[in-house]
Amino acid sequence: QVQLVESGGGLVQAGGSLRLSCAASGRTFSSYTMGWFRQAPGKEREFVAAIIYSDGSTYYADSVKGRFTTSRHNANNTVYLQMNSLKPEDTAVYYCAAQLGYKLGSRRYEYDYWGQGTQVTVSS
(Lines give C-alpha, C1' and ligand atoms only; values in the text may rest on other atoms or scores of the structure.)
Protein backbone atom coordinates (compact mmCIF):
# COMPACT_ATOMS: atom_id res chain seq x y z
CA GLN A 1 0.00 0.00 0.00
CA VAL A 2 1.30 3.43 -0.93
CA GLN A 3 1.79 5.83 1.95
CA LEU A 4 2.61 9.51 1.61
CA VAL A 5 3.61 11.65 4.57
CA GLU A 6 4.06 15.42 4.23
CA SER A 7 6.12 17.57 6.55
CA GLY A 8 7.69 20.99 6.67
CA GLY A 9 4.66 23.23 6.95
CA GLY A 10 4.46 26.13 9.36
CA LEU A 11 4.02 29.85 9.81
CA VAL A 12 6.14 32.25 7.76
CA GLN A 13 6.05 35.94 6.93
CA ALA A 14 5.26 37.16 3.45
CA GLY A 15 8.37 37.02 1.30
CA GLY A 16 9.77 34.09 3.24
CA SER A 17 10.46 30.50 2.25
CA LEU A 18 9.48 27.01 3.29
CA ARG A 19 10.39 23.57 2.02
CA LEU A 20 7.82 20.82 2.17
CA SER A 21 8.77 17.16 2.06
CA CYS A 22 6.72 14.16 1.02
CA ALA A 23 8.10 10.81 2.14
CA ALA A 24 6.73 7.98 0.01
CA SER A 25 6.70 4.27 0.86
CA GLY A 26 5.12 1.04 -0.26
CA ARG A 27 6.22 1.07 -3.88
CA THR A 28 9.12 1.71 -6.17
CA PHE A 29 8.24 5.20 -7.30
CA SER A 30 10.23 5.24 -10.50
CA SER A 31 6.98 4.53 -12.37
CA TYR A 32 4.99 7.28 -10.66
CA THR A 33 4.19 10.94 -11.11
CA MET A 34 4.02 12.92 -7.88
CA GLY A 35 1.82 15.97 -7.45
CA TRP A 36 1.35 18.80 -5.00
CA PHE A 37 -2.06 20.33 -4.35
CA ARG A 38 -3.34 22.85 -1.84
CA GLN A 39 -6.64 23.73 -0.28
CA ALA A 40 -7.44 27.04 1.36
CA PRO A 41 -10.40 27.42 3.74
CA GLY A 42 -13.66 27.52 1.83
CA LYS A 43 -11.99 26.80 -1.51
CA GLU A 44 -11.55 23.83 -3.79
CA ARG A 45 -8.35 21.83 -3.71
CA GLU A 46 -6.12 23.15 -6.48
CA PHE A 47 -3.09 21.93 -8.37
CA VAL A 48 0.31 23.38 -7.49
CA ALA A 49 3.02 21.28 -9.15
CA ALA A 50 3.86 17.84 -10.50
CA ILE A 51 7.04 15.87 -11.16
CA ILE A 52 7.69 12.67 -13.06
CA TYR A 53 9.75 10.66 -10.63
CA SER A 54 11.89 8.83 -13.19
CA ASP A 55 13.19 11.79 -15.20
CA GLY A 56 12.43 14.84 -13.07
CA SER A 57 10.17 16.57 -15.61
CA THR A 58 8.03 19.19 -13.89
CA TYR A 59 4.88 21.22 -14.42
CA TYR A 60 3.58 24.17 -12.36
CA ALA A 61 0.41 26.12 -11.87
CA ASP A 62 0.70 29.66 -13.20
CA SER A 63 0.13 31.04 -9.71
CA VAL A 64 3.36 29.52 -8.38
CA LYS A 65 5.57 29.43 -11.48
CA GLY A 66 8.91 31.07 -10.79
CA ARG A 67 8.42 30.92 -7.00
CA PHE A 68 7.96 27.21 -6.25
CA THR A 69 10.19 24.32 -7.30
CA THR A 70 9.50 20.63 -6.94
CA SER A 71 12.26 18.03 -6.94
CA ARG A 72 12.86 14.45 -5.85
CA HIS A 73 15.54 12.46 -4.07
CA ASN A 74 15.55 9.03 -5.65
CA ALA A 75 17.54 7.30 -2.96
CA ASN A 76 15.10 8.03 -0.15
CA ASN A 77 11.79 8.19 -2.05
CA THR A 78 11.18 11.79 -1.08
CA VAL A 79 9.67 14.63 -3.08
CA TYR A 80 10.18 18.26 -2.14
CA LEU A 81 8.36 21.51 -2.73
CA GLN A 82 10.58 24.54 -2.26
CA MET A 83 8.42 27.61 -1.81
CA ASN A 84 10.01 31.04 -2.10
CA SER A 85 8.59 34.58 -2.10
CA LEU A 86 5.56 33.34 -0.24
CA LYS A 87 2.39 35.41 -0.28
CA PRO A 88 -0.59 35.42 2.10
CA GLU A 89 -2.68 33.86 -0.68
CA ASP A 90 -0.40 30.80 -0.54
CA THR A 91 -1.90 29.98 2.86
CA ALA A 92 -3.47 26.52 2.62
CA VAL A 93 -3.15 22.89 3.57
CA TYR A 94 -0.67 21.36 1.12
CA TYR A 95 -1.10 17.77 -0.03
CA CYS A 96 1.23 15.37 -1.73
CA ALA A 97 -0.29 12.89 -4.20
CA ALA A 98 0.87 10.03 -6.42
CA GLN A 99 -0.32 8.47 -9.64
CA LEU A 100 1.02 5.46 -11.51
CA GLY A 101 2.36 6.57 -14.86
CA TYR A 102 4.24 9.38 -16.55
CA LYS A 103 1.65 12.08 -17.08
CA LEU A 104 2.11 15.52 -15.50
CA GLY A 105 -1.51 15.67 -14.43
CA SER A 106 -3.12 18.69 -12.78
CA ARG A 107 -6.51 17.22 -11.89
CA ARG A 108 -7.36 15.61 -8.58
CA TYR A 109 -8.98 12.55 -10.16
CA GLU A 110 -5.74 11.68 -11.91
CA TYR A 111 -4.06 10.87 -8.59
CA ASP A 112 -4.68 7.66 -6.71
CA TYR A 113 -2.89 8.21 -3.41
CA TRP A 114 -2.87 11.19 -1.04
CA GLY A 115 -1.06 12.29 2.06
CA GLN A 116 -2.72 13.78 5.11
CA GLY A 117 -1.61 17.34 4.35
CA THR A 118 0.52 19.94 6.08
CA GLN A 119 -0.56 23.46 6.98
CA VAL A 120 1.24 26.46 5.49
CA THR A 121 0.32 29.88 6.84
CA VAL A 122 1.79 33.07 5.38
CA SER A 123 1.30 36.23 7.41
CA SER A 124 1.24 39.69 5.87
Side-chain angles (χ1 to χ4, degrees):
Q1 183 72 355
V2 173
Q3 289 189 320
L4 304 173
V5 180
E6 302 97 334
S7 60
L11 173 65
V12 64
Q13 288 189 329
S17 298
L18 280 175
R19 188 176 81 156
L20 305 183
S21 299
C22 173
S25 62
R27 290 285 189 277
T28 300
F29 286 89
S30 58
S31 301
Y32 280 71
T33 296
M34 308 297 289
W36 290 95
F37 289 74
R38 65 186 182 186
Q39 187 166 17
K43 293 190 176 180
E44 300 259 331
R45 193 171 299 187
E46 66 175 5
F47 171 75
V48 175
I51 182 167
I52 295 176
Y53 207 89
S54 59
D55 67 4
S57 298
T58 56
Y59 175 59
Y60 297 93
D62 287 343
S63 59
V64 306
K65 203 173 293 182
R67 300 188 299 123
F68 291 11
T69 303
T70 187
S71 60
R72 85 280 192 229
H73 191 294
N74 288 342
N76 60 13
N77 273 358
T78 301
V79 176
Y80 302 99
L81 184 67
Q82 177 67 43
M83 306 185 294
N84 298 328
S85 302
L86 283 160
K87 305 174 182 180
E89 51 264 44
D90 294 317
T91 295
V93 177
Y94 282 71
Y95 297 90
C96 175
Q99 59 159 301
L100 182 62
Y102 305 104
K103 183 183 178 203
L104 289 165
S106 61
R107 292 173 172 81
R108 290 178 59 180
Y109 68 80
E110 296 177 289
Y111 291 84
D112 305 303
Y113 306 99
W114 293 82
Q116 83 290 348
T118 185
Q119 177 70 48
V120 171
T121 303
V122 185
S123 63
S124 57

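Values reported hereafter were calculated over all heavy atoms of this structure, with side chains retained and with hydrogens, waters and symmetry mates removed.
By the rule that hydrophobic residues join a cluster once side-chain heavy atoms approach within less than 4.5 Å of another member, Leu18 and Val93 end up as members of separate clusters. Both Leu104 and Phe37 are part of a single hydrophobic cluster, where members link through side-chain heavy atoms under 4.5 Å apart. Criterion: ILVMFWY side-chain heavy atoms under 4.5 Å apart, direct or through other members. Under it, Tyr80 and Leu86 are not part of a common hydrophobic cluster. Ile51 and Leu20 fall within a single hydrophobic cluster, where Ile, Leu, Val, Met, Phe, Trp and Tyr side chains are chained together by heavy-atom contacts under 4.5 Å. Residue Val48 is grouped with residue Tyr32 when hydrophobic side chains (ILVMFWY) are merged at heavy-atom distances under 4.5 angstrom, including chains of intermediate members.
Here the shortest heavy-atom pairing between Thr78 and Ala23 reads OG1-CA, 4.2 Å. Taking every heavy atom of both residues into account, Ala49 and Thr70 meet most closely at CB-CG2, 4.2 Å. Considering all non-hydrogen atoms of both residues, Ala24 and Met34 come closest at CB-CE, 4.3 Å. The two residues Asp112 and Gln99 make their nearest non-hydrogen contact at OD2-CA, 3.9 Å. Summarising the geometry of Pro88 relative to Ala14, their closest heavy-atom pair is CD-CB, 4.1 Å, with the distance given to 0.1 Å. Of all the heavy atoms in Gly35 and Tyr111, the pair that sits closest is N-CE2, 3.6 Å.
Within 6.0 Å of OH on Tyr59 lie no more than 12 heavy atoms contributed by other residues, nucleotides or ligands.
Note that CZ of Arg38 and CZ of Phe47 are 11.0 Å apart. Values are rounded to the nearest 0.5 Å. For the atom pair OG1 (Thr33) and CD (Glu110), the distance works out to 9.5 Å, reported to the nearest 0.5 Å. In this structure, Gln39 CD and Glu46 CD are separated by 9.5 Å, a value rounded to the nearest 0.5 Å. Note that the OG1 atom of Thr69 and the CE atom of Met83 stand 11.0 Å from one another [nearest 0.5 Å]. With rounding to the nearest 0.5 angstrom, the CG atom of Asn76 is 9.0 Å from the OG atom of Ser21. Rounding to the nearest 0.5 Å gives a distance of 9.5 Å between CG of Leu11 and CD of Gln119.
Both tests hold for Arg45 against Tyr95: distance to the six-membered ring centre under 6.0 Å, angle to the ring axis within 45°.
Using a 30° and 60° split on the angle between ring planes, Phe68 and Tyr94 fall in the tilted class, from 30° to 60°.
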For a salt bridge (charged side-chain N to carboxylate O under 4.0 Å, His left out) check, start with the C-alpha distance between Asp90 and Lys87, then their side-chain angles and the critical distance, and finish with the verdict.
CA-CA 5 Å; Asp90 294 317; Lys87 305 174 182 180; over 6 Å; no
How far apart are the C-alpha atoms of Ser57 and Tyr102, what are their side-chain angles, what is the distance that settles it, and do they pass the side chain to side chain contact (heavy atoms under 4.5 Å, CB included) test?
CA-CA 9 Å; Ser57 298; Tyr102 305 104; over 6 Å; no
With side chain to side chain contact (heavy atoms under 4.5 Å, CB included) as the test, would you mind laying out the steps for Val2 and Phe29 before giving the verdict?
CA-CA 10 Å; Val2 173; Phe29 286 89; 3.8 Å; yes
Intermediate values then yes/no, side chain to side chain contact (heavy atoms under 4.5 Å, CB included), Leu100 and Ser31:
CA-CA 6 Å; Leu100 182 62; Ser31 301; 3.9 Å; yes
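Within the 4.5 Å cutoff, no side-chain heavy atoms of Tyr60 are placed close to those of Arg67. At least one side-chain heavy atom of Trp36 sits under 4.5 Å from a side-chain heavy atom of Cys96.
Between the side chain of Thr121 and the backbone N or O of Thr91, no donor-acceptor pair lies under 3.5 Å. A donor-acceptor contact shorter than 3.5 Å links the side chain of Glu6 to the backbone of Gly117.
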